Amino acid sequence: MNIIKTSVAVLTLVGAVFTPQETLASGDTPHAPKQEWSFNGLFGTFDQAAAQRGFQVYQEVCASCHGLNLLSYRHLSGIGFNEAEIKAIAATVEVQDGPDSEGEMFDRPGIPADRFVSPYPNPQAAASSNGGKAPPDLSLMTKARLGGSNYVYGLLTGYADAPIEFELPEDGNYNKYYPGHVIAMAAPLDDESVEYTDGTKPTLAQHAKDVTTFLAWAAEPEMEERKRMGIKVLLFLLVLTGMLYAVKRKVWEDLH
Amino acid sequence: MDTNNMHPVMKWVEYRLPVFSFLDHSLGTQYPTPKNLNYWWNFGSLLGLVLVIMIASGISLAMHYTAHIDFAFNSVERIMRDVNYGWLIRYIHMNGGSMFFIAVYIHIFRGLYFGSYQAPREILWMIGIFILLAMMATAFMGYVLPWGQMSFWGATVITNLFSAIPVVGDSIVTLLWGGFSVDNPTLNRFFALHYLFPFVIVGLVVLHIWALHIHGSNNPTGIDVKNKEQDTVGFHPYFSVKDLFGMGVFLMFFMFFVFFAPNFFGEVDNYIPADPMVTPTHIVPEWYFLPYYAILRAFTGDFLVYQVVSLGGLLMDAKLAGVLAMFASILLLLFMPWLDGAKVRSCRFRPIMAMAFWVFFLDCLVLGYIGGKPAEGIYVTIGQFTTFYYFFHLLVLVPLISRLERPKPLPESINASVLKAAE
Amino acid sequence: MSDTATPEQSAEVDDKSKRDFLFISTAAVGAVGTAFAAWPFIDQMNPAADTLALSTTEVDLKPIEEGQSITVVWRGKPVFIRHRTAKEIEDSENVKTADLIDPEADADRVQKPEWLVMVGICTHLGCIPKGNKPGEKKGDFGGWFCPCHGSHYDVSGRIRKGPAPKNLPVPSYSFLSDTNIKIG
């Protein structure tokens with residue numbers, strides 16, 4: 001078929017023009033190396049145990065500065081927490097509600113329908129307590145950075161001493177994968193930052209891997225359902241298209 | 001259509017409103033279609049399919065979206081997380097935009113290669129260009145709605161294009177914004193217009209199909225139908241099933257992205273809420289705007305083409321020249337029927353023109369590549385050369401080649417070409 | 001001439017039925033696919049997860065004194081909660097159900113007789129009946145009165161007089177403790 005030949009030629013052309021795109025957009029910062037993720041690939045799913053450990057890391061470490069304001073506690077059922085556990089998690093936070101019948105705002109324990117409570121009341125407060133730059137919300141972090149999960153993992157494990165010739169500003173930290181290398185956040189994780197309850201060895205790499213898995217889920221909670229449905233939809237379309245091709249052949253047969 | 005064999009109910013309707021014979025004459029057995037159409041002719045119906053999908057998914061999204069700068073970003077994320085199948089509908093709409101442009105560009109290049117714009121299909125072609133313009137406006141405004149960083153800065157950059165217009169430019173920009181920067185009034189009106197424009201496109205599509213049906217489809221040989229019996233077949237069932245088959249293949253391609261690489265065509269920065277105080281380091285438009293963006297940026301003070309057209313900078317500044325060139329790159333296509341002076345339509349019989357076509361196609365790809373690169377170093381030079389070539393092709397090569405090239409002998413008829421190909 | 005078809009004819013018939021089978025099955029598969037594809041676009045109009053998550057309301061009954069009513073909002077609708085007195089309970093229970101417009105025993109409308117919980121929307125055309133606040137007109141039966149078209153409800157929320165066809169509906173609720181209920 002002519003169209004196939006032309007398509008192949010055109011696609012090769014498009015490929016040839018667009019492949020060298022791997023060049024770096026921002027200076028000399030290298031790409032974070034690719035990691036093996038449970039959620040990679042057509043059939044990938046979130047490793048729930050890792051995501052739950054990652055949630056613990058988020059709660060005990062990240063949450064003191066970073067919000068997760070697109071998620072509600074009830075969403076945690078997506079990584080295998082049951083209703084009672086979610087209620088207990090939600091109840092540990094104080095949520096401002098109101099006004100009550102006297103017009104006063106009041107605090108109450110959180111419920112599953114509440115959104116994750118942010119560490120700061122507003123972006124201005126967040127910025128002023130952090131040297132002028134608000135710590136970003138983490139809800140979409142793996143979708144909002146080039147390199148996604150690999151970048152987040154690379155960032156968390158990429159703290160190092162600055163090379164001698166590198167001029168590091170006083171309030172900055174050196175990171176191998178942060179664009180420009182100078183990051184305001186000090187290394188947040190280290191070995192044994194968090195004590196795991198399931199006996200997993202608490203290394204820096206493990207913490208980073210777990211919290212990244214959790215954040216990848218937080219950014220794309222629909223991913224497992226999406227891939228499952230995608231397989232079914234594509235198989236269905238394959239069958240239907242095959243049948244349509246047969247119909248087309250049959251119809252055109254009379255003409256020849 | 002033989003009304004005697006109809007079901008009585010159909011007959012009753014037909015007598016009062018002849019929908020059945022109308023359909024039969026426009027999409028049915030009575031619409032004669034050249035029997036040698038190849039698969040490149042599938043893209044018209046594919047575009048119709050995408051338009052329907054975009055309107056259906058768009059209306060669904062509008063039921064949940066909030067057009068306010070404080071809520072827009074979160075309302076989109078609520079669609080992604082909480083609305084039933086919201087993620088599916090949003091990803092269909094998001095990727096549907098890219099599918100729309102993939103299909104429309106193939107459709108346009110097909111028209112260019114086979115000379116579909118030539119007499120008597122000039123108006124058909126021109127309506128098509130207007131559809132492209134309406135699609136671009138719709139896509140641009142739609143991209144602003146999620147109110148991410150790229151939404152905001154894309155809106156800022158594109159609306160600022162109008163500030164290049166002498167004297168009234170700044171007033172026009174203020175009018176577009178409804179304020180003194182891209183802000184809530186801007187978002188609100190973009191939503192209103194983004195909802196309106198698809199229906200304008202539907203209207204244009206009706207005209208496009210009407211114009212198509214006057215003289216029927218062009219075909220790969222570019223020669224006219226001489227004998228209706230021998231050269232054509234009824235649209236139904238021959239092309240209706242072929243189009244359905246094409247839709248199956250296309251949907252597989254489309255759905256692969258929706259389910260497995262939904263953000264392939266997007267920019268990561270648009271998952272960061274808009275911040276009017278921080279410009280992303282590398283701002284680029286969506287991929288389908290990249291060639292025009294490259295043309296826009298090619299016009300710097302030292303660009304030779306600019307020096308010539310502006311009489312050494314006397315006539316206009318480089319910014320205005322860039323904006324004009326960008327619009328001209330599309331509007332020039334309106335004149336294709338007259339720029340091309342050949343008596344033969346299809347490039348199959350115009351080898352030199354065919355070669356020029358493929359170089360032009362490559363030129364457009366390179367323009368797209370350059371549009372996505374930072375404007376520095378070698379990219380500027382390549383961008384300026386490809387911009388020059390874009391216009392050189394349309395304004396010099398096409399008129400010259402078409403008038404000087406001696407085409408290869410044409411087949412006697414469409415039927416004869418089919419029989420020859422079958423040998 | 002024999003009656004049986006020639007081999008060519010039967011092959012033709014065979015081929016035609018194969019064709020028809022192919023066409024019809026393809027159309028059927030396509031139709032099923034279209035129906036499945038339409039569902040997400042319809043289902044998106046159903047309540048979203050965040051809406052469903054807020055579809056229950058918990059109410060603390062402690063502050064409500066005997067003879068008092070409060071109105072709480074549940075799923076965007078007013079819910080009347082009345083702490084009934086012994087006399088009100090007795091009156092409600094003594095009504096002959098057979099005489100009612102919408103016959104229902106008081107015992108079927110409450111979980112604990114002193115607590116009446118019901119949706120405060122008139123079953124006629126959706127107004128909110130008066131009588132939940134002290135000083136409001138309570139109607140001829142001492143319960144609630146809908147000012148829009150004059151429906152009278154008794155202290156069990158049953159329609160006694162007027163155009164409304166049904167008693168005020170009782171939402172599903174449960175006692176989490178003696179003084180705490182969860183509606184929905």
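If you're wondering where the values come from, they're calculated on a predicted model, not measured in any experiment. Chain identifiers are assigned alphabetically (A, B, ...) following the order of the sequence lines, protein sequences preceding nucleic acid strands; residue numbering begins at 1 within each chain. Below, all heavy atoms of this structure are taken into account, side chains as well, without hydrogens, waters or symmetry copies.
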Pick one of side chain, backbone, both or neither for B/V258, based on which atoms fall under 4.5 Å of a heavy atom in chain A. backbone
Among A/D137, A/N69, A/I231, the residue with the most heavy-atom pairs under 4.5 Å to chain B is A/I231
Let me know if A/S72 has heavy atoms under 4.5 Å from chain B in its side chain, its backbone, both or neither. neither
Is any side-chain heavy atom of A/R226 less than 4.5 Å from a side-chain heavy atom of B/F260? no
Highest number of heavy-atom pairs under 4.5 Å with chain A among B/G246, B/S240, B/G148, B/G248 belongs to B/G248
Mind ranking A/K143, A/M243, A/M141, A/E222 by heavy-atom pairs under 4.5 Å with chain B and telling me who comes out on top? A/K143
Chain A: which of B/P262, B/G86, B/G266, B/P273 shares the most heavy-atom pairs with it under 4.5 Å? B/P262
Max heavy-atom pair count under 4.5 Å with chain A, selected residue of B/D269, B/N263, B/N38: B/N263
Flag the pair A/W252 / B/F245 as yes when their ring centroid distance falls below 6.0 Å, and as no otherwise. no
What residues form a side-chain hydrogen bond (donor to acceptor under 3.5 Å, both in side chains) with B/N415, not counting sequence neighbours? B/K35
Does B/W40 reach the side chain of A/T6, with side-chain heavy atoms less than 4.5 Å apart? yes
Tell me, please, which residues at least two apart from B/S45 pass side-chain hydrogen bond (donor to acceptor under 3.5 Å, both in side chains). B/D243
Step-by-step side-chain contact (heavy atoms from CB on, under 4.5 Å) determination, B/R78 to A/L70: CA-CA 8 Å; B/R78 179 180 171 270; A/L70 296 175; over 6 Å; no
So which heavy atom on B/R81 is nearest to which on A/S139, and how close? NH2-O, 3.5 Å
Given A/E225 and B/F259, is the side-chain contact (heavy atoms from CB on, under 4.5 Å) satisfied, shown in steps? CA-CA 9 Å; A/E225 188 192 357; B/F259 289 105; over 6 Å; no
If you take all heavy atoms of B/V268 and A/L146, which pair is closest and at what distance? CG2-N, 3.7 Å
Go through the atoms of A/L240 and report whether side chain, backbone, both or neither lie under 4.5 Å from a heavy atom of chain B. neither
Taking A/G230, A/A219, A/G148, A/S7 one by one, which has the highest count of heavy-atom pairs under 4.5 Å against chain B? A/G230
Is it the case that atom NZ in A/K227 sees more than 12 heavy atoms from other parts of the structure closer than 6.0 Å? yes
Going through the checks in order, is the side-chain contact (heavy atoms from CB on, under 4.5 Å) test met by A/E220 and B/W87? CA-CA 9 Å; A/E220 301 189 272; B/W87 59 268; over 6 Å; no
Identify which part of A/A246 has an atom lying under 4.5 Å from any heavy atom of chain B, answering side chain, backbone, both or neither. neither
Measuring from A/L238:CG to B/L251:CG, what's the distance to the nearest 0.5 Å? 12.5 Å
Part of B/L365 lying under 4.5 Å from any heavy atom of chain A: both
A/H75 vs B/D82 side-chain heavy atoms within contact, under 4.5 Å: yes
side-chain contact (heavy atoms from CB on, under 4.5 Å) for A/V251 and B/K242? Distances and angles first, verdict last. CA-CA 9 Å; A/V251 167; B/K242 193 175 175 183; over 6 Å; no
With a 4.5 angstrom heavy-atom cut-off, which part of B/F256 approaches chain A: side chain, backbone, both or neither? both
Against chain A, label B/N270 side chain, backbone, both or neither, depending on which of its atoms sit under 4.5 Å from a heavy atom there. neither
Given heavy-atom pairs under 4.5 angstrom as the criterion, report whether the side chain, backbone, both or neither of B/F253 touches chain A. neither
For residues B/E77 and A/L140, determine if any side-chain heavy atom of one lies less than 4.5 Å from a side-chain heavy atom of the other. yes
